[in-house]
Amino acid sequence: MYEYRPRKTNHRAATAVALLLAASVTAFIGAALFSFYPSILQCVGLCLLIPVIQLTSRYLVLQYLYRVRSYDEGGADLEIFSYRGGSRMQLVCRVALSDITAIHPLGEQNRKPPHRVHRYDYCPDLSPLNAVVLSVANGDGEQEIQLSPDERMLTLLQGGMRKGDA
């Protein structure tokens with residue numbers, strides 16, 4: 001069994017949260033200072049708080065644990081757990097390594113998933129720089145999983161994927 005906890009490598013989410021929060025505070029101050037139509041500025045301030053909450057809960061508080069677990073029968077699974085601070089971990093993804101058909105580095109050509117293929121993002125960063133995209137084909141159809149693995153995890157994933165499909 002191998003475990004890896006990806007670290008945040010950029011501060012884009014924190015910067016976006018700070019800018020949106022500053023804009024929201026500015027809108028609320030403007031609503032207090034200007035006597036005509038203060039409700040419009042208050043609505044703008046409240047609307048700016050929505051992405052602040054979403055970005056904070058997804059990119060600033062949430063953490064991941066990637067685990068490759070082998071079994072006695074010879075198979076191995078990729079398990080992804082999410083947790084917030086010290087709270088208990090929740091399994092959010094489990095995929096057999098034999099179901100992984102391809103591994104590609106995330107780049108401009110595959111920034112968006114193909115048509116009708118859902119991509120699950122388990123990267124700790126907003127716009128990650130060193131992420132990979134795993135193409136998975138199993139009983140649920142075709143999906144993609146976006147991760148930020150280290151070199152050893154990437155080697156384990158490449159070693160366990162389908163040999164005939166890659």
Response to the item:
For F34 and L41, the nearest pair of non-hydrogen atoms, with its separation, is CD1-CD1, 4.3 Å

Item to complete: Show the numbers, then the answer: is there a side chain to side chain contact (heavy atoms under 4.5 Å, CB included) between L154 and Y4?
Response: CA-CA 11 Å; L154 191 58; Y4 174 66; over 6 Å; no

Practice prompt. Decide whether V25 and V52 are clustered together by the hydrophobic rule: side chain heavy atoms of Ile, Leu, Val, Met, Phe, Trp, Tyr closer than 4.5 Å, transitively.
Written response: no

Worksheet item: S82 and L62: which non-hydrogen atoms are nearest, and at how many Å?
Response: CB-CD1, 3.8 Å

Worksheet item: Passes side-chain hydrogen bond (donor to acceptor under 3.5 Å, both in side chains), N10 versus Y59? Steps please.
Response: CA-CA 11 Å; N10 64 39; Y59 293 105; over 6 Å; no

Worksheet item: Considering all heavy atoms of both residues, which atom of Q42 and which atom of A31 are nearest to each other, and what is their separation?
Response: CG-CB, 3.6 Å

Item to complete: Flag yes if L126 and V17 sit in one hydrophobic cluster, no otherwise; membership is Ile, Leu, Val, Met, Phe, Trp, Tyr, and two members link when side-chain heavy atoms are under 4.5 Å apart.
Response: yes

Worksheet item: Is I100 reachable from V133 through a run of I, L, V, M, F, W or Y residues, each pair having side-chain heavy atoms under 4.5 Å apart?
Response: no

Fill in: Approximate separation, where rounding is to 0.5 Å, of M153 CE and E151 CD
12.0 Å

Worksheet item: Of the non-hydrogen atoms in L106 and P128, which two are nearest, and what is the gap between them?
Response: CD2-CG, 4.1 Å

Practice prompt. Give the minimum heavy-atom separation between Y64 and P6, together with the two atoms involved.
Written response: O-CD, 3.3 Å

Item to complete: Starting at CD of E79, measure out to CE of M1 and round the result to the nearest 0.5 Å.
Response: 8.5 Å

Worksheet item: Taking a hydrophobic cluster as the set of Ile, Leu, Val, Met, Phe, Trp and Tyr residues connected by side-chain heavy atoms closer than 4.5 Å, whether directly or through intermediates, do V44 and L49 fall within one such cluster?
Response: yes

Worksheet item: Is any side-chain heavy atom of L55 less than 4.5 Å from a side-chain heavy atom of L60?
Response: no

Worksheet item: Roughly how far, to the nearest 0.5 Å, is the OH atom of Y83 from the CZ atom of R5?
Response: 4.0 Å

Worksheet item: Any side-chain heavy-atom pair from P114 and E144 closer than 4.5 angstrom?
Response: yes

Worksheet entry | Exceeds 12 heavy-atom contacts within 6.0 angstrom, atom OH of Y37 | no

Fill in: Where C93 and I145 come nearest, the two heavy atoms and their spacing
SG-CD1, 3.7 Å

Discussion item. Counting neighbours of CZ on R116 that are heavy atoms of other residues, nucleotides or ligands and sit closer than 6.0 Å, is the number greater than 12?
Written reply: no

Discussion item. For C123, is there any backbone N or O sitting under 3.5 Å from a side-chain donor or acceptor partner on S148?
Written reply: no

Worksheet item: D125 side chain to S127 main-chain N or O, any donor-acceptor pair under 3.5 Å?
Response: no

Item to complete: Determine the interplanar angle of the H118 and Y120 rings, folded into 0 to 90°, and report it as parallel if under 30°, tilted if 30 to 60°, perpendicular if over 60°.
Response: perpendicular

Worksheet item: If you group Ile, Leu, Val, Met, Phe, Trp and Tyr by side-chain heavy-atom gaps below 4.5 Å, do L157 and L65 land in one group?
Response: no

Worksheet entry | Interatomic distance, T26 atom OG1 to L21 atom CG [nearest 0.5 angstrom] | 9.5 Å

Discussion item. Applying the side chain to side chain contact (heavy atoms under 4.5 Å, CB included) criterion to P113, which one of R119, E142, Q143 satisfies it?
Written reply: R119

Discussion item. Here's a test for you: under side chain to side chain contact (heavy atoms under 4.5 Å, CB included), which of D77, L78, N138 qualifies with D99?
Written reply: N138

Item to complete: Output the distance between atom NZ (K112) and atom CG (N110), rounded to the nearest 0.5 Å.
Response: 12.5 Å

Worksheet item: Is there side-chain contact between L134 and V95, with at least one heavy-atom pair below 4.5 Å?
Response: no

Worksheet item: Counting only N and O atoms by type, is there a donor-acceptor contact under 3.5 Å from the side chain of S24 to the main-chain atoms of L20?
Response: no

Worksheet item: Between CD of Q146 and OH of Y122, what distance do you get to the nearest 0.5 Å?
Response: 11.5 Å

